[in-house]
Each structure stands twice: as structure tokens, then as C-alpha cells.
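What you are looking at is a predicted structure, and each value in this text was computed from that prediction instead of being measured. Quick note: numbers below take in every heavy atom, side chains included, and nothing from hydrogens, waters or symmetry partners. So you know, we letter chains A, B, ... as the sequences are listed, proteins then strands, and number each from 1.
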Protein chains: 2
Amino acid sequence: MASHEETASPEASFTAAETAYRKLRSDIVAGIFEPGQPLRLEFLRQRYGLSFSPLREALNRLQTERLVLAAALRGFSVAPVSIEEMWDVTETRSLIECEALKRSIDRGDDDWEAGIVAAFHALDLQVRRLAPVGRELSVDELSALEIRHQEFHRALIAKCGSRRLINLSDQLHVETQRYRLPALAGKMPKGTRDVAFEHRQIMDAALARDADKAQDLLAAHYRRTAEMIEAQMSPRSG
Amino acid sequence: MASHEETASPEASFTAAETAYRKLRSDIVAGIFEPGQPLRLEFLRQRYGLSFSPLREALNRLQTERLVLAAALRGFSVAPVSIEEMWDVTETRSLIECEALKRSIDRGDDDWEAGIVAAFHALDLQVRRLAPVGRELSVDELSALEIRHQEFHRALIAKCGSRRLINLSDQLHVETQRYRLPALAGKMPKGTRDVAFEHRQIMDAALARDADKAQDLLAAHYRRTAEMIEAQMSPRSG
DNA sequence: AAACATCTTTCTTTCGAAAATCCTGCATGC
DNA sequence: GCATGCAGGATTTTCGAAAGAAAGATGTTT
């Protein structure tokens, strides 16, 4: 490569296209780019210090993941958000993960159980460390929390035996983050909901091999989150 | 564009990237490229008369659609096929489309019913025109038949109200075609299965608003296809 | 002969410029 | 006044070449 202005960031061993993909996805999910905003290539080139080709490759991938829209000779734009889409994401995610959870409960072995317990514990510690403080969470703290959160949900469905279900779950998770993160950045209505308790209930039902109960609890978990987000979205922008 | 060697094909109004995407996808699904085969860019450039950029964009899209594999600095290859993957596709498709069918049955209006009847009729005509002949179907005939077939299945779930479910259904359909088309090219065990009757049963249950029955029939429909493919795959290459 | 380093070749990836297209504002004609 | 057509600029898309990395070949040492 011609230029090598290493800004000392610990991500050297990626291709430019992969870097573009990650940064773009991260910036879209974090809401740094507004929904609907056009993603001009010159702008992105300057922002990320990359050339057109890797940017376009990343945008094409993100297009099929529903994070960006592509119009034939009119370039790309951030996929819009709406309450309808938010419900579609969460309901689809519920469908996928409930099925995956059921299958995991059927097939899960000792490692699966251990993975769930470990992930729950790690998430629980993180919550206790950050939540009771009551202050606004920094971006890094929120990010660390969200990683633990996802790892717990991933542990639940780890033994479903279907690459596609796990993959879809991951993709739908990314999409939900577009709605969750802005909602969490705003003031969370404290006390109205004990997320940690919901997690524990789901874990208990899974370990007790009660598939029906676990699925119901998981679906309710996602539904409550969606309702919270809807409440925050409704008064404000459509 | 510099070169303009229009080969008189009726597809002028696409970008090169879109053309690359369609042709690549079509060639992979039709089995013209072997599963696992490396997709060298120079080879593709010559084959399609396109440059690297649009090809890479297409390959990146196909990567997220599970039709091609991408290795970091080692290029692309056709995604491999296996009996396990085949079952994963059909089971995931069953999950998605059964849910979409149920919702369509709940919400479907007159247009929805009319669409199903029309699509069934068109498919039925096509089958009657081609099937009783008993001879090998040409590529074009098979392709026309498959389009009708998909349109029928799409009509069933048209009113599910979820963009994501319809989209997933389409993508999973493309994946299943990778297994169905080679199986259909080989000698189909005639008489062991009346696909047209299965379709009629599904349609009847849907129009009768019997969601449970329709879902069971649809799932069985896909399961039988998978079993037929498995029987054809097993004796031969893994 | 095996292990290792180095060179060569092959292929991917990235770049920057050229070409094609779209959009905007303005003038022209009805 | 309103539609229509036409420059000019902005933006996307495509191209071909250059740079970079992996795989393979060659030769050297133990």
C-alpha cells in the first residue's frame, strides 16, 4: 500500500475492505450516521482514509444485511428506521431464537449448560458493576455490557445445530442494536423492569429443560424491550 | 464505458455490478461452477467480460447470501454443498415459510386468495404442458417451471406482513435450488410423488383458512423434496 | 534426504483516474 | 405561468495498472 499512516490502533491485520465493513457497521448501528442519510463515497473516503473499492465492497455487504440501502446509480444511504421495522426485527428474531433455543434444550450437553452459566455470570457481574451507580454509562461501558449481553443470548442457542439459525440470530441482533442503543443512551426508565431477573428466569427454564417455558420467557423478554423502545420512539421522531 | 460490445442480449439497463451478481448467482445455482471451486477473478473477468470491481462487489454480496465463501487474502470460492447443509436449508425454510403462511392465512384478503389461485393455475398449466411428455426437460423449460413454482410459494406467504420473512424465504429458495436443480436434471423417479397434488392440498388448506393443516402440508412438501434429494446425493458424491 | 531460506510466480487487493450517469439551475418555448 | 430542454457540476461506477500477499519452485545447508 502506498500510504501507511498507522494511527496505532490495534487492528492492523485486516484487509481494507474488512476494516471498512466493521467501521461502517459500527457507525450505523451506533447511530453516528442518521437513518436515511446518504453515504457519499467521497465523504466516507475522507472519514476512514480508504479508497472507493473497499468502501463499495463493504456497502454491498451491508446492503444485504439491511443496514444500508442501495439505489441503482444513486449510491448508498443508511437504511431508515421505523416502529414497524423495529417490530418486524424483534418478531423475526423471536421466531428464530425461540426455535434455536428449543433445539438447544433438546440437544444441549454439559458444555452447553456450562456456557450458559458462565455467560450469565459474566453478564451479571458487569451489570452489578455498572448498573447500581445510576450515572450515565460511557460508550465503552455500554459496549462492554452489550457484548456480555449478546454472549449470554448466544450461549442459550449455541447447541441448536443449525449454522443458519445462529447466523440469522447474529444478524438480527445487529439490527436490533440500531434501536436499542439510542434508547439506552436516553434516560432509561429505572425500576420498571428487572432485566437481570428476566435473564435468570430464561436460564433456569433452559437448564431445567423446559422448552415451552424458556421460549415464552425469551419471547416476552424481547417483546418488553420492543415495547420500551416503542414508548421512547413514539413521542419523538417517526 | 470504454467498450460497448453489446451482444444483443436483452439486459442492457443494469449496472455491471448487478449483471455480475445475477450471472454469478445463476451459474452457481445451476451448478455450472462446482461446489468448492475457486472463483479466480481473472477467469471471471474473461468469462463475463467485466472488470474486477463489479465482480468483487457481486462476490461480496453472494458471500453474505451463503453462495460463495471468502477467505481473507485468498479470494473466493463456491460454497460447498453437503447433505447436512441441505437439511439445514430446508428446515430453516420450513420454519420461516410456515410462520409466514400462518400469518398470511390470518391476514389474507381477497387479493391474496386470488393470487394463490392464479399462481397455482399457471403452475398447473406449465406442469401439464411439460410433465406428461416424459422426456428430459431443457434448461429453459425447467427454468420456466421453477419460476412458476416459486411464484406459487411466494403467493402463499404474500400477506404475512413481514418484509424479512419474505426476503428470507427468497434467499432460502435460492439456496435450495442449488440442490433441487441437479436432482431434477438427473432422472426423476416418476410416479412416486404427485407434486401437483401436494400443491393443491396446500392451496386448499390455505384458502380454507386452516393454518395448522396448511403448515403441516407445507412442511411435509419440503421434507419430501429433501428426502428425494438426499436419496440422490447419498449414493454419489458426498 | 529433510529442513530451511530465498526467489519466482500467481493471485488478490487497492488505488486513482476516466467514463457514465444523475441532479440542479436556467433559459426557452408554448 | 408552466412544461421542456439543455448546460454545468456533482456523484457514482468502472476500468486498468500498481502494490501486496500467498503458494510454489529453487537452491543451500545440515
Side-chain angles (χ1 to χ4, degrees), chain A residues 1-7 9 11-25 27-28 33-34 36-64 67-80, chain B residues 1-7 9-25 27-28 33-34 36-64 67-79:
Chain A
M1 223 165 303
S3 62
H4 44 92
E5 339 115 30
E6 297 290 338
T7 48
S9 51
E11 40 142 87
S13 60
F14 286 124
T15 63
E18 186 70 19
T19 313
Y21 171 73
R22 298 191 182 213
K23 288 191 174 172
L24 268 167
R25 193 179 68 172
D27 283 349
I28 291 171
F33 299 143
E34 292 286 314
Q37 171 184 341
L39 293 168
R40 297 270 152 63
L41 286 167
E42 179 57 30
F43 168 73
L44 297 174
R45 196 184 67 78
Q46 295 209 355
R47 179 180 172 90
Y48 298 130
L50 298 168
S51 192
F52 293 126
S53 319
L55 286 171
R56 291 185 60 84
E57 289 184 24
L59 288 164
N60 272 290
R61 285 175 66 181
L62 292 167
Q63 177 197 359
T64 67
L67 291 180
V68 317
L69 251 45
L73 282 158
R74 237 163 283 185
F76 304 87
S77 61
V78 181
Chain B
M1 220 164 304
S3 61
H4 44 91
E5 339 115 30
E6 297 291 338
T7 48
S9 51
E11 39 143 85
S13 62
F14 285 124
T15 63
E18 187 70 18
T19 312
Y21 171 73
R22 297 189 183 216
K23 289 191 173 174
L24 267 168
R25 193 179 65 173
D27 283 348
I28 291 171
F33 299 144
E34 292 286 314
Q37 171 183 341
L39 293 169
R40 297 271 151 65
L41 286 168
E42 179 57 30
F43 167 73
L44 297 174
R45 195 184 68 78
Q46 295 209 355
R47 179 181 172 89
Y48 298 130
L50 297 168
S51 191
F52 295 125
S53 320
L55 286 171
R56 290 185 60 85
E57 289 184 24
L59 289 164
N60 272 290
R61 283 174 68 181
L62 292 167
Q63 178 197 0
T64 66
L67 291 180
V68 317
L69 251 45
L73 283 159
R74 236 162 285 184
F76 303 87
S77 60
V78 180

Work out which heavy atom in [X] is nearest to a heavy atom in [Y]; give both atom names and the distance.
X	Y	value
B:T15	A:A72	CG2-O, 4.1 Å
A:V78	A:E34	CB-O, 3.3 Å
B:R56	B:L41	NH1-CD1, 3.8 Å
A:L59	A:V68	O-CG2, 3.5 Å

(request) Drop me the distance from A:Q37's CD to A:S77's OG, to the nearest 0.5 angstrom. (result) 9.5 Å
(request) Working to the nearest 0.5 Å, report the span between NZ of A:K23 and CZ of A:R47. (result) 9.0 Å
(request) Dump the intermediate steps for side-chain hydrogen bond (donor to acceptor under 3.5 Å, both in side chains) on A:N60 and A:Y21, then the final yes or no. (result) CA-CA 9 Å; A:N60 272 290; A:Y21 171 73; over 6 Å; no
Indicate, with a heavy-atom threshold strictly under 4.0 Å, whether [X] touches base, sugar-phosphate, or nothing.
X	value
B:A70	nothing
B:R56	base
B:F76	sugar-phosphate
B:A20	nothing

(request) Would you sort out whether B:R61 and B:E57 count as a salt bridge (Lys or Arg N to Asp or Glu O under 4.0 Å), showing the intermediate values? (result) CA-CA 6 Å; B:R61 283 174 68 181; B:E57 289 184 24; over 6 Å; no
Short N/O separations, protein against nucleotides 21-23 of chain D, under 3.5 angstrom:
{"from": "D:dA23", "atom 1": "OP1", "to": "B:R74", "atom 2": "NE", "distance (Å)": "3.3"}
{"from": "D:dA23", "atom 1": "OP1", "to": "B:R74", "atom 2": "NH1", "distance (Å)": "3.3"}

(request) Report yes or no: do B:T64 and A:T64 form a side-chain donor-acceptor pair below 3.5 Å? (result) yes
d([atom1], [X]; [atom2], [N]) in whole Å:
X	N	atom1	atom2	value
A:L55	C:dC15	CG	P	9 Å
A:F52	C:dC15	CZ	P	11 Å
A:L44	D:dT11	CG	P	12 Å
B:E57	C:dT13	CD	P	14 Å
B:F14	C:dT21	CZ	P	15 Å
A:N60	D:dT13	CG	C1'	11 Å
B:Q63	C:dT13	CD	P	10 Å
B:L59	C:dT12	CG	P	10 Å

(request) Please assess B:L69 against B:F76 for the test side-chain contact (heavy atoms from CB on, under 4.5 Å), listing each intermediate value before the final yes or no. (result) CA-CA 6 Å; B:L69 251 45; B:F76 303 87; over 6 Å; no
(request) Please list every stem that involves DNA chain C, where a stem is a run of 3 or more consecutive Watson-Crick or G-U wobble pairs with both pairing distances under 3.5 Å. (result) C:1-30 with D:1-30
(request) Map B:S53 and B:E42 onto DNA chain C by nearest heavy atom, then report which one ends up closer to the 5' terminus. (result) B:E42
Options [options], nucleotide nearest the side-chain atoms of [X]:
X	options	value
B:T15	D:dT14, C:dT14, D:dC15	D:dT14
A:R40	D:dT14, C:dT13, D:dT11	D:dT11
B:P54	D:dG16, D:dT14, C:dC15	D:dT14
A:A17	C:dC11, C:dT13, C:dT14	C:dT14

